[in-house]
Amino acid sequence: MSDKITGAEALIRGLIAEHVDRVFGYPGGYIIPVFDRLYDYTDRITNVLTRHEQGAMHAAQGYARTSHKPGVVIVTSGPAATNLITGLSDAMMDSTPLVVITGQAPSSMLGTDAFQETDVMGITQPVTKWSYQIRSASDVAPALARAFYIASTGRPGPVVLDFTKDAQTGLTDSGYAKCGYIRSYIPCPEVSPAEISHAADMINHSIRPMILAGQGVMISEAEGLLAALAEKADIPVASTLLGLSVMPSHHPLFKGMLGMHGNIGPNVNTNRADLIIAVGMRFDDRVTGVVERYAPQARILHIDIDESEFNKNVKIDARVHGDASMALAQLLPRVNKASHRQWVESFDRHNEQELRCVAVNAAYGTDMDAPAHMGEVARKVSEAAPVGAVLVTDVGQNQMLSAKYFRFTAPRSIITSGGLGTMGFGLPAAIGASMGAPDRTVCLFTGDGGLQMTVQELGTIMQYGTPVKIIVLNNNFLGNVRQWQALFFDSRFSQTPLLNPDFVALAAAYGIKAEDVASRAGLDSAIERMMACDGPYMLNVNIDPADMVFPMTPVGQAVDYIMLSPDEVYDPDIISR
């Protein structure tokens, strides 16, 4: 007969069996038994004590996306559990695998409005792949095994285990078995040969094909197969925001980012392509613009593991339902070698116009005493960063311009909040990203507004010495909202100006080296000092409040309606004149 252990002990042993060596958490009354048992396993599992439960969630997201392992969060009940909802929603929309354990009142007190009792199941089910309440110690091992299986297979996402206090202290057997099957749950469907044959036929007969790559390519580790397909059939590739780094930025077939603030070439040619090959992406409204005028000349082939995405936003002509790696591996030998030289070069001609009109090398002039421009800062940090550096962003102008001007050399090199657009995501996510990939330099770009939403996580950096390079693009405004107010609301800057603290002094209070960059003249040397520092470092960069993110496709316009400035709209026919 096996030894009996507590439910809390069973949880810790289960985490070790799942090869978890780091969790992000915050203790409290109804989860004390778990943290008490964790005390005896600190040589096997490190708990990262964040300063807020939302910070734990975003840190776990950053960790999951650089380590390619589920992030684990452990918190107590009540307000701790409700503080997780933003992170759960964010992870669900961006397909990030998380296993989240919340404490809960004893089973006998459920439904009595006990101290810090919250209906965690009711709150979390809409924003998770699976939620389950553990009321018995004997349920711990099978529930945990199932949670890891669900979170990390198929289209990944967050799961929640709500762990009652009596289940933590009750006794159970000590065995643990990993889960590899759940009836009616088919995480990786078998790819249909007929769908592959039809897809290959569409590609082989196309004249102006275009690949749209999403994060699903990296989730399935299909980057090499995607590049092989593009190279064999000479197909230009563009990516979603979360799909950036699926190919190196310098690859001759990679043509940039799609969407509202994407590159001109991909956006214009989306509406000139005769075949769109969408792989691991969901046709988000920020990518499509107004759907009725999206890709009118193209047949659409959609490859995705999530069947619910087919025809959800955009009507498709063909599909391949399955994991991207499996689908591309079967598709590749069926696709003919081809050349589309003129079509590929048309992307470059559009993007060259973008460089002339709005890019950093052309727009900023010679006034070195002026405030820095956001794209300029991103480009220079990227040039100074080591090969394989990871870009983490907050949300807003800092996100769009750093994503556009950072150069990616390896997959899994951008961590950002895509679907939910969560301000405050950046700082804790950068901490987790650095812990998930300690051999890679992590550069965080954040605005002055977003930073202050989770600024307390500077304390986590102080405690663990996490060597994040923090670049604050400080314009004393909520910059993205300000841009919309300037363009579409007659420059009525309602509630967007910010009175900010001294960020350098704030960083110093947490033992983090920091400096102000007042103008463009001081930017290069400050970046050099930041990169030379072994530990965390903050640059507070003075940004012109009028600096805007262009190109831009406004809401309600077709994806090829592209603003170059407040007063100029791009003429796509310019490349033929």
Side-chain angles (χ1 to χ4, degrees), residues 237-251 254-267 286 347-348 350-365 370-410 413-416 418 426 430 441-447 450 469-475 479-480 483 517 520 523-524 526-528 530-531 539 541-544 546-553 562-565:
V237 178
S239 81
T240 64
L241 173 64
L242 293 182
L244 286 169
S245 78
V246 69
M247 292 176 76
S249 300
H250 60 267
H251 194 289
F254 183 73
K255 301 306 177 184
M257 187 174 75
L258 300 157
M260 175 178 281
H261 290 296
N263 295 103
I264 292 177
N267 282 342
R286 288 297 194 260
F347 286 78
D348 299 330
H350 287 299
N351 284 341
E352 286 163 7
Q353 288 293 323
E354 180 179 338
L355 285 171
R356 282 192 282 272
C357 295
V358 298
V360 293
N361 289 326
Y364 298 151
H373 293 258
M374 291 177 282
E376 177 183 30
V377 179
R379 175 176 60 83
K380 290 191 172 187
V381 169
S382 179
E383 290 171 350
V387 172
V390 177
L391 168 67
V392 181
T393 84
D394 208 86
V395 167
Q397 292 177 314
N398 65 87
Q399 177 186 37
M400 294 295 102
L401 281 173
S402 61
K404 282 173 65 69
Y405 292 114
F406 206 86
R407 301 295 90 186
F408 301 105
T409 57
S413 293
I414 181 168
I415 312 295
T416 191
T441 297
V442 172
C443 300
L444 165 65
F445 282 80
T446 181
K469 310 307 179 188
I470 305 167
I471 301 95
V472 185
L473 301 179
N474 188 349
N475 56 13
N480 206 41
Q483 175 166 335
V517 181
R520 297 176 66 207
L523 185 59
D524 289 343
I527 292 172
E528 183 178 351
M530 177 178 70
M531 290 301 175
L539 295 184
V541 185
N542 180 31
I543 299 295
D544 183 352
D547 195 8
M548 295 190 187
V549 184
F550 290 106
M552 179 181 182
T553 297
I562 299 167
M563 297 175 64
L564 300 176
S565 72

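Side chains are part of it too, since the values below use all heavy atoms of this structure and drop only hydrogens, waters and symmetry mates.
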Atom CE of M257 and atom CG of N267: how far apart are they, to the nearest 0.5 Å? 8.5 Å
Could you report the tightest heavy-atom contact between E354 and I264, atom names first, then the distance? OE1-N, 2.8 Å
To check you understand the geometry: which heavy-atom pair defines the closest contact between T393 and S402, and what is its length? CG2-OG, 3.4 Å
Heavy-atom side-chain proximity of L241 to T416 below 4.5 angstrom: yes
What closest approach, in Å, do D547 and H373 show between heavy atoms, and which atom pair accounts for it? OD2-CA, 3.4 Å
Against P551, only a single residue in M563, M260, K404, H261 fulfils side-chain contact (heavy atoms from CB on, under 4.5 Å); can you say which? K404
Separation between CZ (F254) and OG (S245), nearest 0.5 Å, reads 8.5 Å
On a heavy-atom basis, which atom in S413 and which in F408 lie closest, and how many Å separate them? O-CE2, 3.4 Å
Taking all non-hydrogen atoms of both residues into account, name the closest pair between P386 and T441 and its distance. CG-OG1, 3.4 Å
Heavy-atom nearest pair, L401 first then G375, reads CD1-N, 3.9 Å
Would you please test N475 and Q397 for side-chain contact (heavy atoms from CB on, under 4.5 Å) and show each step? CA-CA 11 Å; N475 56 13; Q397 292 177 314; 3.5 Å; yes
Do side-chain atoms of S382 reach the backbone of R407 as a donor and acceptor pair under 3.5 angstrom? yes
pair V390-F406: side-chain heavy atoms closer than 4.5 Å: no
D394 CG to I470 CD1 distance, which is reported to the nearest 0.5 Å: 11.5 Å
Answer yes or no: is there a side-chain heavy-atom contact under 4.5 Å between Q483 and M552? yes
Nearest 0.5 Å, what's the CD1-CG distance between I414 and L244? 5.0 Å
Is the shortest heavy-atom distance from the side chain of V381 to the side chain of K469 under 4.5 Å? no
So, applying side-chain contact (heavy atoms from CB on, under 4.5 Å) with V377, which one of V517, L523, L539 is it? L523
May I ask you to test the M530-I471 pair for a side-chain heavy-atom distance under 4.5 Å? yes
From L391 atom CG to Q399 atom CD, the distance as rounded to the nearest 0.5 Å: 9.5 Å
Pairwise distance CD1(I543) to CG(N474) - rounded to 0.5 angstrom: 8.0 Å
For D544, the salt bridge (charged side-chain N to carboxylate O under 4.0 Å, His left out) test, sequence neighbours excluded, returns none
Applying side-chain hydrogen bond (donor to acceptor under 3.5 Å, both in side chains), name anything that partners K255, two or more places apart in sequence or on another chain. D348
E528 atom CD: more than 12 heavy-atom contacts under 6.0 Å: no
Side chain to side chain, C443 and M531, heavy atoms closer than 4.5 Å: yes
